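All residue numbers in this chain count up from 1 along the given sequence. Quick note: numbers below take in every heavy atom, side chains included, and nothing from hydrogens, waters or symmetry partners. Predicted model only: the values in this text are computed from it and were never measured.
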Amino acid sequence: MMSNKALEAWAWVFIYAGLLLVMLGFYVQGDGGAGGLLKLLGALVVLPGALMIVFRSRRPPDGD
């Protein structure tokens with residue numbers, strides 16, 4: 001099972017990567033459907049990160 005620290009790290013990687021894709025989608029918005037596709041892909045990447053944060057909040061602390 002993944003440690004709480006690793007779970008938090010991966011959650012933030014997903015969230016920041018997804019937000020980066022969303023912002024890139026806004027930047028290339030005028031280029032046909034590429035902007036919309038990037039925004040959708042970014043939102044789909046943020047979602048697992050947010051779910052990981054919720055999952056982490058419900059886990060007991062790691063034994064030190």
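A 4.5 Å side-chain heavy-atom check between Val22 and Leu38 finds every atom pair outside the cut-off. Residues Trp12 and Met52 form no side-chain contact, since every pair of their non-hydrogen atoms from C-beta on lies 4.5 Å or further apart. Leu7 places a side-chain heavy atom less than 4.5 Å from the side chain of Phe55.
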- Applying side-chain contact (heavy atoms from CB on, under 4.5 Å), run through Leu21 and Lys39 and close with a yes or a no. CA-CA 6 Å; Leu21 284 174; Lys39 287 187 272 187; over 6 Å; no
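Counting only residues at least two apart or in different chains, side chain to side chain donor-acceptor pair (under 3.5 Å) contacts with residues 46-57 comprise Glu8-Arg56.
The hydrophobic clustering, which links ILVMFWY residues whose side-chain heavy atoms are closer than 4.5 Å, places Leu51 and Leu41 apart. Note: the hydrophobic cluster containing Val46 also contains Tyr16 (ILVMFWY, side chain heavy atoms under 4.5 Å, direct or indirect links).
When all heavy atoms of Val28 and Ala34 are compared, the pair lying nearest together is CG2-C, 4.4 Å. The shortest non-hydrogen separation linking Pro60 to Asn4 is O-ND2, 3.0 Å.
For the atom pair CD1 (Ile53) and CZ (Phe14), the distance works out to 12.0 Å, reported to the nearest 0.5 Å. Annotation: the span from Leu47 atom CG to Ile15 atom CD1 amounts to 10.0 Å, rounded to 0.5 Å.
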